[in-house]
Structures are given as C-alpha cells and as structure tokens.
Amino acid sequence: MTHSAHFTQQARQAGFDFYCSVPCSYLTPLLNSILSDPAMKNVAAASEGEAMGIAAGAFLAGRMPVVLMQNSGLGNAVNPLTSLNHVFKIPALLICSWRGCPGHPDEPQHSLMGQITHRLLDTIGIRHAPFPAKDLMVEGALAAARNYIRSSNLPYALIVEPNAIEDEPLRAAPEVRAPSGKVRVLGSPGQPLPSREDVIRAIVKSVPNDSAFIATTGNTGRELFAIEDTERNLYLVGSMGCASAVGLGVALNVARPIVVLDGDGAALMKLGNLSTIGRYAPSNLIHVLLNNGVHDSTGRQPTNAGNVDFCGLARSSGYRSVHECHGLPALQDAVSALNGQVGPHFLHVNTRPGSMSSLPRPTISPPEVGLRFTKYLQAPVAIANATTSVAHI
C-alpha cells in the first residue's frame with residue numbers, strides 16, 4: 001500500500017500544490033493526511049461540481065490543483081469537467097475512488113457506477129490510470145500525470161482501488177465559526193428595477209481598477225463582454241452555478257479584488273457554494289447576485305428565486321458583509337461601503353428581466369479568455385500566496 005504522506009510529498013515536488021476535496025471512505029487516509037497538515041492548502045467542497053469550479057479558479061490563479069472525490073460523485077462533476085475544464089483547457093489531477101469495483105462487494109448505490117467508472121471517464125475525454133499501489137510507484141505515476149497535463153491542459157485521473165492507501169488518523173479539529181455579518185438594507189423596495197446592464201456598468205465603474213471579474217454563463221457574461229472586454233474578465237460558458245466556486249478558488253490565491261457576477265438561477269444550482277465561501281472567507285471576494293427571477297438566456301422561464309432569502313443564506317453561511325440593494329444609488333452606496341472592509345461580501349440586487357439590445361457573444365475563444373485572465377491575475381500586484389505559476393508544471 002501507499003503511504004499518504006509520501007504521496008503528498010511527491011505531489012508537492014511535482015508541482016501539485018492545491019487540494020479540493022469531497023470525502024470518500026476509500027480516500028480517508030489521504031484526506032486525513034491532507035487535513036492534518038496545516039501547510040497543506042485544502043478546500044472542503046460541498047459537492048464534486050463545486051470542487052471542480054474551485055480547482056479551476058485556483059489553476060487560473062497559478063496553482064496546480066488536485067481534486068479528491070468518490071466515483072459516484074463523478075456525476076456531479078461531469079458538467080464542469082466537460083463545459084469548464086475541457087472548453088477553457090483547465091487541467092487538474094483527479095484522485096477518484098473506485099467504489100463498486102469487481103470482486104469487492106459494496107453498497108447497491110455503487111453497483112452501476114463501479115461498472116462504468118472507466119468508461120465514463122473515457123466518454124468525457126479524461127485520461128486515467130490506477131492510483132500507485134506502492135510508494136516506489138508514486139513518482140512515476142505523478143510524472144505521467146504531470147506530463148499529460150502539461151501537453152494537453154486537460155484533467156488527468158488516478159483511480160483508487162480498495163485498500164490502496166495505508167491508514168492515517170485524522171488529527172485536524174473541526175472548525176466552527178458563528179456567522180458575524182449582518183444584512184444591511186439599502187434603498188426602498190419601491191424603487192424602479194434597474195436593468196442588469198445598468199447594474200454591471202455601475203459595478204465596473206465603482207470597484208477598484210485592479211479588480212478581476214468572473215461572470216456567470218449566459219447573458220450576464222455576454223453583457224459584461226459588450227460593456228468592457230478586457231483581460232481582467234472571465235466569461236464562463238456552461239458550468240452553470242460554478243461562477244462563485246471559480247471566484248473562491250481565485251480569491252484564495254491572489255490579493256486583488258475578485259468580483260463574481262452571479263445570477264439567481266445559477267446560484268440556486270449550487271447553493272452549497274455559499275457555505276464554502278463563508279467557511280474559507282476570502283477577504284477580497286465580492287459576490288454580486290443579479291436577481292431578475294427568470295432564466296433570461298433561455299426564454300425567461302421563472303426561477304425559484306421568489307421564495308428564497310439570498311441575503312439570509314449569505315449571512316448564515318458566514319459572509320462578513322451582506323447588502324440588500326434596492327436601486328442603483330443603493331448599489332453604489334453598498335460598493336462604496338466595501339472600501340477597506342474585510343470580506344467576503346455579498347450584494348443582492350433585484351433587476352428587471354431582459355438584456356441589452358443586439359447582445360453580442362464574446363469574439364475570443366474560451367481558452368484565450370482563460371489565458372489572458374491568468375496572465376492578469378499573475379501580474380505581480382495580484383500575487384498573494386500563489387508561488388507556482390502555470391509554466392512550472
């Protein structure tokens with residue numbers, strides 16, 4: 001069997017320096033080793049799809065991420081793997097358990113996934129290999145992963161069979177922090193609803209010049225592109241619900257302000273992101289939720305946002321400041337109030353449905369958008385704790 005401390009030491013030497021995890025009993029020794037080491041950068045995600053988003057953000061900020069998940073969780077990760085990692089050419093090392101593998105009786109929910117794990121990875125274009133069964137095999141397995149990632153800019157998976165990793169006790173204490181933020185209501189609910197375009201324009205003008213923007217998929221990203229196309233913008237396509245996860249992965253690794261332009265439908269897809277952001281609490285994250293109550297990009301079908309208290313969720317999740325903004329003046333007051341304040345910040349703005357006329361689509365490819373965004377983030381002013389650049393892997 002492989003010792004987890006040996007694996008993580010070799011992984012660090014190979015350039016893998018950021019972990020994002022969702023638990024699995026097969027991965028318990030490795031998870032325990034990572035969680036017990038204060039020097040190890042790890043984010044515990046609420047779901048596998050969120051984990052892929054966080055890891056993508058970390059990569060864009062200069063890290064080389066490792067994502068741990070159960071093979072049953074591959075279903076949660078298929079969307080970002082195919083519409084975020086593949087489209088933007090964002091790699092990660094996946095360490096995926098093989099529950100339900102032949103010859104090892106398991107719970108019924110793992111039966112089908114145990115049969116199709118390798119075929120599923122093949123189908124979605126992810127190269128994979130067995131997790132090293134012995135310490136002396138680790139260096140070679142990581143070198144193969146690194147070489148493939150370097151040549152393809154795509155994820156690579158190591159599949160963990162039962163009893164592949166030596167037992168390791170958990171020495172980390174659980175972290176509990178009571179919510180400290182309060183909801184600040186600005187403006188009157190009777191104010192006319194602004195357009196999403198007007199809100200985005202106001203935010204672009206109001207935040208510091210060295211900010212970076214991550215816009216959710218659909219019309220939000222397209223409007224940001226039309227308003228101001230610069231290297232500091234990341235326009236997500238697909239991977240709906242992952243914008244705030246990507247923002248978290250970026251914000252944890254750079255110093256400059258990170259502004260996430262989210263939508264109500266997208267946020268509802270991955271509400272667990274809020275809890276992860278609140279737990280790890282990056283001080284430089286500004287999460288703006290543009291709520292028009294509909295899926296604007298697909299024909300204005302109503303979302304379930306009408307019965308959701310987003311500000312209450314953000315406050316209870318651990319955001320340091322939460323603002324309910326009614327109207328553009330209220331939004332501008334909220335952004336001004338963030339100056340010098342410790343985040344993460346949450347700004348909720350109701351907007352009217354509809355988009356700007358003749359809404360264009362980005363004219364540059366997603367890989368080009370990601371590459372220039374990475375270069376912007378890795379400019380000297382943006383570096384916080386990230387010491388490994390993409391070129392080093």
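Distance alone, capped at 3.5 Å, places no donor-acceptor pair between the D296 side chain and the N292 backbone. Under the 3.5 Å distance criterion, the side-chain polar atoms of T28 are matched with a main-chain donor or acceptor of S25. Judged by distance alone, with hydrogens and angles left aside, the side-chain atoms of R256 form no donor-acceptor pair with the main-chain N or O of N209 at under 3.5 Å. In terms of modelled atom types and a separation under 3.5 Å, the side chain of Y156 and the main chain of P91 share no donor-acceptor contact. In this structure, the side chain of E368 engages the main chain of S365 through a donor-acceptor pair within 3.5 Å. In this structure, R99 contributes its side chain and H110 its backbone to no donor-acceptor pair below 3.5 Å. Using modelled atom types, no side-chain atom of N253 and backbone atom of A61 make a donor-acceptor pair closer than 3.5 Å. Listed for the D135 side chain is a donor-acceptor partner under 3.5 Å among the backbone atoms of H3. Checked by atom type and distance alone, the side chain of T217 pairs as donor or acceptor with a backbone atom of G238 at under 3.5 Å. With hydrogens and angles disregarded, no donor-acceptor distance shorter than 3.5 Å links the side chain of S36 to the backbone of S33.
Nearest heavy atom pair, residue A314 against residue F346, reads CB-CG, 3.5 Å. The two residues P282 and I277 come nearest to each other via the heavy atoms CD-O, 3.7 Å. Of all heavy-atom pairs between A334 and C325, the closest is CB-SG, 3.6 Å. Across every non-hydrogen atom of G187 and A330, the tightest pair is N-CB, 3.8 Å. Taking all atoms of both residues into account, the shortest heavy-atom contact from L142 to A11 is CD1-N, 3.4 Å. Residues A281 and R320 come closest through the heavy atom pair CB-NH2, 3.8 Å.
Note: the hydrophobic cluster containing M64 does not contain I126 (ILVMFWY, side chain heavy atoms under 4.5 Å, direct or indirect links). Linking ILVMFWY residues whenever their side-chain heavy atoms come closer than 4.5 Å, directly or via other members, places L268 and L236 in the same cluster. Using a 4.5 Å cut-off between side-chain heavy atoms of Ile, Leu, Val, Met, Phe, Trp and Tyr, with links allowed through other members, V288 and L186 fall into different hydrophobic clusters. Linking ILVMFWY residues whenever their side-chain heavy atoms come closer than 4.5 Å, directly or via other members, leaves V87 and L94 in distinct clusters.
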Quiz item: Going through the distances and angles, do F213 and I203 end up as a side chain to side chain contact (heavy atoms under 4.5 Å, CB included)?
Solution: CA-CA 10 Å; F213 286 86; I203 293 170; 3.9 Å; yes
Practice problem: Test side chain to side chain contact (heavy atoms under 4.5 Å, CB included) on V22 and L68 and set out the steps. | Solution: CA-CA 6 Å; V22 182; L68 286 75; over 6 Å; no
Quiz item: Would V335 and L347 satisfy side chain to side chain contact (heavy atoms under 4.5 Å, CB included), going step by step from the backbone distance to the final call?
Solution: CA-CA 8 Å; V335 174; L347 281 66; 3.8 Å; yes
Exercise. Output, in order, the C-alpha distance, side-chain angles, deciding distance and verdict of side chain to side chain contact (heavy atoms under 4.5 Å, CB included) for R184 and V322.
Key: CA-CA 6 Å; R184 184 184 180 195; V322 181; over 6 Å; no
Quiz item: For T303 and D264, what are the C-alpha separation, side-chain angles and deciding distance, and is it a side chain to side chain donor-acceptor pair (under 3.5 Å)?
Solution: CA-CA 7 Å; T303 69; D264 51 303; 2.7 Å; yes
Quiz item: side chain to side chain donor-acceptor pair (under 3.5 Å) between Q109 and S72: does it pass, once the steps are laid out?
Solution: CA-CA 8 Å; Q109 66 268 26; S72 293; over 6 Å; no
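No close placement of the W98 and H104 rings is indicated, their centers lying 6.0 Å or farther apart. When ring centroids are compared, H345 and H323 stay outside the 6.0 Å threshold.
Using cut-offs of 30° and 60° on the angle between ring planes, the pair H128 and H118 is perpendicular.
T82 is listed as a side-chain neighbour of I124, based on a closest heavy-atom distance under 4.5 Å. When side chains are defined from C-beta on, R222 does not count as touching T220, because their heavy atoms never get closer than 4.5 Å. No side-chain heavy atom of D17 sits less than 4.5 Å from a side-chain heavy atom of V66. You'll find the side chain of V260 stays beyond 4.5 Å of the side chain of I286, heavy atoms only. Counting heavy atoms from C-beta outward, F59 and F18 have side chains that stay 4.5 Å or more apart. For the pair L30 and E168, the minimum side-chain heavy-atom distance is 4.5 Å or more. Contact annotation: the side chain of T351 never approaches that of N291 to less than 4.5 Å [non-hydrogen atoms, C-beta and beyond]. Put simply, the side chain of L81 reaches to within 4.5 Å of the side chain of M52, judged on heavy atoms.
D262 contributes atom CG, which lies 11.0 Å from atom NZ of K270 (distance to the nearest 0.5 angstrom). The OG atom of S83 sits 11.5 Å away from the CE atom of M240 when rounded to the nearest 0.5 Å. The OG1 atom of T230 sits 7.0 Å away from atom OH of Y376, with the distance rounded to the nearest 0.5 Å. Here the straight-line distance linking atom OG of S4 with atom CD of E166 works out to 8.5 Å at 0.5 Å rounding. Put simply, CG on L313 and OH on Y319 are 10.0 Å apart, with the number rounded to the nearest 0.5 Å. Going from atom OG of S151 over to atom CG of L154 covers 8.5 Å, rounded to the nearest 0.5 Å.
A donor-acceptor pair shorter than 3.5 Å cannot be found between the side chains of H287 and N273. For the residue pair S21 / N42, a side-chain donor-acceptor distance below 3.5 Å is found, with atom types taken as modelled. A donor-acceptor pair shorter than 3.5 Å can be found between the side chains of S355 and N219.
Other residues, nucleotides and ligands contribute at most 12 non-hydrogen atoms within 6.0 Å of the NE2 atom of H86. The number of heavy-atom neighbours closer than 6.0 Å to CD of Q332, taken from other residues, nucleotides and ligands shown, is above 12. Summarising the local packing, CG of N163 is surrounded by 12 or fewer heavy atoms from other residues, nucleotides or ligands at distances under 6.0 Å.
Applying the salt bridge (Lys or Arg N to Asp or Glu O under 4.0 Å) criterion to R372, with sequence neighbours excluded, gives D229.
In this structure, E231 does not pair ionically with K375, as no charged nitrogen and carboxylate oxygen lie closer than 4.0 Å.
The ring pair (Phe, Tyr, Trp, His ring centres under 6.0 Å) contacts involving residues 290-316 comprise F310-H348, where partners must be two or more places apart or lie in separate chains. Each ring pair (Phe, Tyr, Trp, His ring centres under 6.0 Å) pair with one or both residues in residues 217-268, not counting sequence neighbours, appears once here: F225-Y235.
When each of L234, T374, V237 is paired with V369, the side chain to side chain contact (heavy atoms under 4.5 Å, CB included) condition holds for L234 and for no other.
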